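Following: one structure in structure tokens, then a few remarks.
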Amino acid sequence: MLGLFVCKEDTMSRYNARTTEPKWQKAWDEAEAFLAKRDPDKPKYYVLEMFPYPSGRIHIGHVRNYTMGDVIARYKASCGFSVLHPMGWDAFGMPAENAAMAIGGHPKEWTYGNIAAMKEQMKPLGLSIDWTREFATCDPEYYGQQQALFLDMLNADLVYRKNAMVNWDPVDMTVLANEQVIDGKGWRSDAPVERRELTQWFFNISSMAEELLSAIDGLDNWPAKVKLMQSNWIGKSRGLQFSFERSDGGEAIEVYTTRPDTLMGASFVGISPDHPLAKEIEASDSQAAEFIAECRKGGTTAEALETGEKLGYDTGLTVKHPLNPEWELPVWVANFILMDYGTGAIFGCPAHDQRDLDFCRKYELPVISTFVPKDDAGFVRPETSGEAYVPPKDEIVQFVQNLEGLNPFCTGNEAVDHAIAKAESEGWGTGQTKFRLRDWGLSRQRYWGCPIPVVHCDDCGVVPEKKENLPVVLPDDVSFDIPGNPLDRHPTWRDTPCPSCGKPAKRETDTMDTFVDSSWYFARFTSPRAQTPTDIDDAAYWMNVDQYIGGIEHAILHLLYSRFFARAMGKTGHLPQGTEEPFDALFTQGMVTHAIYQTRDDKGRAVYHLPEDVDQEKTVLRETGETVEVIPSAKMSKSKKNVVDPVDIIDQYGADTARWFVLSDSPPERDVEWTASGAEAAWKFLGRVWRLAADLEDGADTDEALERETAKAIHEVTVGIETFGFNKSVAKLYEFANAIQKSKAGPGAKRKAVKVLAQLMSPMTPHLAEEIWAHLGGEGLIAQAAWPVADESLLKEDSVTLPIQINGKRRSEIQVPADLPKEEVEKLALADQAVIKALDGGTPKKLIVVPGRIINVVI
RNA sequence: GCGGUCGUGGCGGAAUUGGUAGACGCGCAGCGUUGAGGUCGCUGUUCUGUAACAAGAGUGAGGGUUCGAGUCCCUCCGACCGCACCA
């Protein structure tokens with residue numbers, strides 16, 4: 001690699017990124033080219049990439065993300081917009097505490113050290129960022145304003161306290177994040193995790209469920225799949241809520257079902273292990289207690305609950321079927337029923353729910369079909385097949401166990417409506433709309449987060465901290481040698497007078513979920529030094545974010561929480577009207593992947609190898625000649641040795657090459673595979689473009705063909721950028737550069753074309769573009785030059801080639817004037833040799849002419 | 001388990017959104033430049049087939065709608081992502 005590097009700089013005529021790039025970065029700084037200014041004469045444009053977590057090193061994925069944002073920012077600036085393109089750090093979170101535990105030191109030092117290091121790595125990319133607006137969420141100036149927001153939200157009833165389950169490590173005596181639970185065990189202690197109930201703070205996001213759902217429709221510039229995922233996450237459903245009377249006269253069991261039409265197929269009533277009734281039984285029945293304790297082992301994730309083995313315990317209680325008091329159903333405690341959804345109790349209908357069927361098979365409970373396919377010939381019923389029958393709700397089926405008064409041939413939806421209407425008219429149940437969306441638990445039993453600004457007083461209860469006492473700053477003198485939250489054992493920080501009565505009281509030691517930090521940072525960027533969370537005038541000018549760019553992994557939580565916060569900030573006076581949906585357009589970009597090279601050791605285990613240790617052509621290890629297995633397009637991971645470090649790439653080729661590469665090949669929403677040969681190709685191309693410009697003479701000559709190429713290039717590259725088709729813009733730029741190179745035009749015409757080429761490339765490879773611009777005598781900085789405009793008249797072609805299909809297969813083609821009437825085209829088509837031959841004297845059955853596109857002769 | 005996405009040459013991918021499949025790049029082959037290698041320049045490159053044409057096949061598999069399907073619908077196979085305390 002080093003040897004190659006020498007070659008890459010040695011020739012005088014070569015473009016030297018190493019000296020050129022810092023030169024132009026300095027020029028931009030001096031010109032304050034990227035300072036965001038409120039300019040009443042210009043339209044504004046706010047482009048934002050999801051801010052990074054300061055892990056310590058930038059990742060090639062960051063390069064891709066920020067390069068895309070930078071292309072948009074630079075492009076919009078040259079189109080005359082006043083651009084806001086800020087950068088900050090999502091700086092609270094567990095890794096800082098983990099580092100403190102693993103290697104000592106303080107989370108604060110670790111975090112700020114990482115921020116400095118990452119900024120150092122990011123700067124050479126030449127991003128058009130307004131660094132004067134930079135902040136980290138762990139700055140007291142930021143989280144203090146977040147505490148002020150919290151207090152206002154508390155005042156507006158958007159925050160409240162209730163009990164909820166957490167993962168509890170019984171050995172380390174600490175709360176665990178889902179990530180820290182591995183196969184149901186604590187990651188450090190290896191002890192089986194338990195679920196434990198704690199009183200925690202919640203944002204009342206479910207109160208906005210209906211609005212958060214209906215507003216999705218208006219998000220025209222969001223990816224359809226993100227909107228669909230959000231809709232499903234909010235999960236609106238219509239169903240029936242009713243009670244099962246207990247045979248022993250105890251408190252009735254309230255259930256909620258979206259399929260009340262299958263009530264005649266009920267075979268048991270199931271309750272969650274966390275249901276109040278389960279707790280009641282637990283107290284008196286030791287076997288039940290044992291079972292419930294078993295259920296509480298393992299994590300709290302939906303995935304763990306739903307993929308685990310379905311277990312149940314027969315409580316011995318029975319309930320009466322609402323439509324037939326003689327019919328008694330057993331009550332089971334079942335581990336797959338979530339307390340958080342509906343009422344925490346269900347009735348099981350095994351014929352039409354796979355989970356219920358598995359459960360009933362296991363515990364030998366009856367299976368009763370309530371409906372079968374409309375035409376049930378050959379249908380094997382769930383009673384005997386082991387497969388539940390779950391057709392779409394809009395499909396017509398035949399009911400065999402129906403509620404009185406229902407047409408046996410109807411859709412699931414009709415049957416549900418009928419069941420609800422019947423229950424309501426008979427008075428034993430009510431139709432209800434429910435959401436899957438749960439309130440957002442924001443309490444974290446950890447140090448490195450934003451302190452929740454409340455005080456617990458024995459006399460006054462939970463008391464909000466006074467705003468003038470904000471920020472409630474994290475104490476620095478903490479240690480991480482034992483697990484748990486150091487704030488809990490920090491008496492001088494924890495002990496504080498009650499803001500209300502002044503008596504000794506204790507601070508809340510829980511801190512906020514880091515998702516809170518990232519739910520409003522976009523608003524803070526509009527006025528990052530304001531003494532209030534936002535400055536309403538600045539927010540009014542800059543909001544909304546015109547283009548937001550980030551990973552698909554944030555499709556649900558971060559975006560939903562931000563949508564909630566924008567509304568909450570509107571209600572508490574921190575954002576102006578019209579910012580309820582803070583992100584006008586969203587783009588979710590794919591990952592940068594890289595091949596994994598692996599061999600096997602004697603025991604058959606995988607051994608991974610660095611790309612530079614592998615002979616790429618023969619796919620063998622350079623040292624031993626051993627054959628290497630290549631796994632393409634894998635997510636980068638240190639342990640798999642397939643990580644590409646952007647710093648190395650920039651050192652070797654320069655930032656422009658890295659930027660050009662991550663935009664090439666793959667569409668931005670898809671993954672792109674990093675390959676050494678691809679990076680090399682990008683580097684070679686940039687060198688070729690430089691040579692194209694380097695030895696051009698001037699001249700007064702013109703060339704129409706080249707002008708046409710130029711107009712087409714402007715048009716297509718612009719469309720590519722506007723539609724996030726960066727790979728297509730890149731392909732067009734290759735074509736345009738090739739066309740210039742091969743053109744026989746004189747130096748004057750070529751010079752004009754190369755200047756446009758530099759402009760079109762400037763959002764992607766800004767340093768090279770500046771160098772060419774300066775070399776060709778362009779005025780000022782290309783970063784501040786106006787975007788070129790295509791000459792419309794040159795875009796139109798005089799004649800077009802129309803392919804002729806015969807019976808749908810391409811057989812010939814004709815050249816016709818672009819504006820030739822359809823009838824004339826038909827005549828020309830019928831006169832084509834291939835058509836005459838195929839017709840063999842007959843007439844075509846049909847002749848289809850799609851103007852400007854295609855001709856199809858049907859014989 | 002629930003929800004979502006994707007599948008096109010040797011490889012990454014393009015296809016004006018139902019209208020010439022394979023743009024552009026990599027790789028490979030040949031030629032030129034060079035003392036040689038690299039660089040650089042030119043030409044070719046879906047597969048079968050042919051001396052070359054011709055001709056045929058072809059977008060994970062199977063079926064359907066249509067004058068026309070990579071694109072729309074159904075079934076199947078495979079890969080990937082999310083699931084509320086990772087950021």
Side-chain angles (χ1 to χ4, degrees), chain A residues 4 7-8 11 14 50 52-53 55 90 92-95 164 166-167 175-181 200 225-226 228-229 231-233 235 299-308 310 336 340 354-355 358 436-446 513-515 518 551-558 560-561 591 616-617 632-633 635 664-667 669-673 675 677-678 680-682 684-685 687-688 691 716 719 725 727-728 730-735 738 741-742 801-805 807-813 844-848 850 852-859:
Chain A
L4 282 173
C7 286
K8 274 165 193 156
T11 321
R14 273 192 205 285
M50 290 179 186
Y53 178 78
S55 59
D90 189 14
F92 276 133
M94 288 202 305
V166 293
N167 301 307
V175 176
L176 296 178
N178 282 338
E179 191 190 49
Q180 296 170 314
V181 179
Q200 304 190 66
K225 68 172 166 181
V226 173
L228 187 59
M229 284 161 92
S231 293
N232 288 334
W233 187 261
T300 58
T301 66
E303 190 189 4
L305 293 175
E306 288 178 23
T307 54
K310 314 274 175 292
F336 61 90
D340 296 310
Q354 193 61 46
R355 270 187 316 193
D358 295 344
R436 210 185 69 101
L437 180 66
R438 309 200 297 251
D439 277 338
W440 171 12
L442 68 115
S443 298
R444 296 291 180 273
Q445 295 70 39
R446 274 186 273 278
D513 179 6
T514 56
F515 270 121
S518 55
I552 186 73
E553 68 273 21
H554 294 294
I556 297 172
L557 291 182
H558 163 61
L560 190 62
Y561 292 161
M591 291 186 301
Q616 301 287 335
E617 270 170 47
S633 299
K635 193 170 177 170
S664 313
D665 289 355
S666 284
E669 69 274 18
R670 296 257 291 257
D671 293 351
V672 62
E673 177 158 333
T675 60
S677 59
E680 189 84 11
K684 280 184 197 172
F685 175 70
R688 189 148 64 89
R691 284 193 302 280
E716 286 182 37
V719 169
N727 56 323
K728 286 178 245 170
V730 165
K732 187 65 208 175
L733 286 163
Y734 269 107
E735 269 185 81
N738 290 344
Q741 193 165 358
K742 285 180 188 157
T801 307
L802 289 181
I804 299 178
Q805 292 184 336
N807 290 337
K809 297 226 177 251
R810 187 182 174 281
R811 283 289 182 268
S812 181
E813 61 180 36
K845 272 193 206 147
K846 217 167 177 181
L847 184 58
I848 293 140
V850 184
R853 282 266 182 277
I854 203 164
I855 300 158
N856 194 6
V857 187
V858 185
I859 293 168

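Keep in mind that what you see is a predicted model, and the values were worked out from it rather than measured. Quick note on labels: first sequence line is chain A, next is B, and so on, each numbered from 1.
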Could you check whether A:Gln741 gets within reach of a base, just the sugar-phosphate, or nothing at all, counting any heavy atom under 4.0 Å?
-> sugar-phosphate
N/O (side chain, A:Arg438) to phosphate O (OP1/OP2, B:A84) under 4.0 Å | no
Contact class for A:Lys684 (heavy atom, under 4.0 Å): base, sugar-phosphate, or nothing?
-> sugar-phosphate
Whole Å only: how far is the CG atom of A:Leu560 from the C1' atom of B:A87?
-> 17 Å
Of the candidate nucleotides B:A57, B:C85, B:G56, which contains the atom at the shortest distance from the side chain of A:Arg811?
-> B:G56
Measure from the side chain of A:Lys846, starting at C-beta and using heavy atoms only, and say which of B:C85, B:C67, B:A87 lies closest.
-> B:C67
Any side-chain heavy atom of A:Ile855 sitting closer than 4.5 Å to one from A:Leu847?
-> yes
Taking protein heavy atoms under 4.0 Å as touching, what does nucleotides 18-25 of chain B look like 5' to 3' if B marks base contact, S marks sugar-phosphate-only contact and - marks none?
-> -BB--BSS
Any side-chain heavy atom of A:Arg688 within less than 4.5 Å of one from A:Asn738?
-> yes
Touch check for A:Phe336, heavy atoms < 4.0 angstrom, all strands: base, sugar-phosphate only, or nothing?
-> nothing
When syn is taken as a glycosidic angle within 90 degrees of 0, is B:G7 syn or anti?
-> anti
Can you check whether A:Val175 reaches A:Asn167 side chain to side chain, under 4.5 Å on heavy atoms?
-> no
Backbone N/O of A:Trp233 and side chain of A:Arg436: donor-acceptor pair under 3.5 Å = yes
Taking atom P of B:A84 as reference, at what distance in whole Å does atom CZ of A:Arg444 sit?
-> 11 Å
Listed by chain and number, what are the ring-ring contact (aromatic ring centres under 6.0 Å, His included) partners of A:His558, not counting sequence neighbours?
-> A:Tyr548, A:His554
Canonical and wobble pairing (Watson-Crick, G-U, under 3.5 Å) of RNA chain B, dot-bracket with | | (((((((..(((......[....)))((((((.......))))))(((......)))..(((((..]....))))))))))))....
With heavy atoms under 4.0 Å as the rule, sort A:His558 into base, sugar-phosphate or nothing.
-> nothing
Establish, with yes or no, whether the OP1 or OP2 oxygen of B:C67 is under 4.0 angstrom from a side-chain nitrogen or oxygen of A:Lys845.
-> no
Within this structure, what is the CZ-to-P distance between A:Arg691 and B:U33, rounded to whole angstrom?
-> 19 Å
Base, sugar-phosphate, or nothing: which does A:Leu847 touch, judged by heavy atoms less than 4.0 Å apart?
-> nothing
Base, sugar-phosphate, or nothing: which does A:Ser664 touch, judged by heavy atoms less than 4.0 Å apart?
-> nothing
Using the purine O4'-C1'-N9-C4 or pyrimidine O4'-C1'-N1-C2 torsion, is B:U17 syn (within 90° of 0) or anti?
-> syn
Protein and nucleotides 72-78 of chain B: nitrogen or oxygen contacts under 3.5 angstrom:
none

Those residues at least two apart in sequence (or on a different chain) that pass ring-ring contact (aromatic ring centres under 6.0 Å, His included) with A:Phe515 are A:Tyr561
Base, sugar-phosphate, or nothing: which does A:Ser518 touch, judged by heavy atoms less than 4.0 Å apart?
-> nothing
For A:Pro52, answer base if it contacts any base atom (sugar-phosphate contacts may also be present), sugar-phosphate if it contacts only those atoms, and nothing otherwise; contact means non-hydrogen atoms under 4.0 Å.
-> nothing
A:Gln200 side chain reached by A:Val166 side chain, heavy atoms, under 4.5 Å = yes
Within the structure shown, what part of the strands sits under 4.0 Å from A:Glu669 by heavy-atom distance: base, sugar-phosphate, or nothing?
-> nothing
Ignoring the backbone of A:Asn178, work out which of B:C85, B:U43, B:A87 is nearest its side chain.
-> B:C85
Distances under 3.5 Å between nitrogen or oxygen atoms of protein and nucleotides 2-8 of chain B:
from: B:G3; atom 1: O3'; to: A:Asn232; atom 2: ND2; distance (Å): 3.0
from: B:G3; atom 1: O2'; to: A:Asn232; atom 2: ND2; distance (Å): 3.1

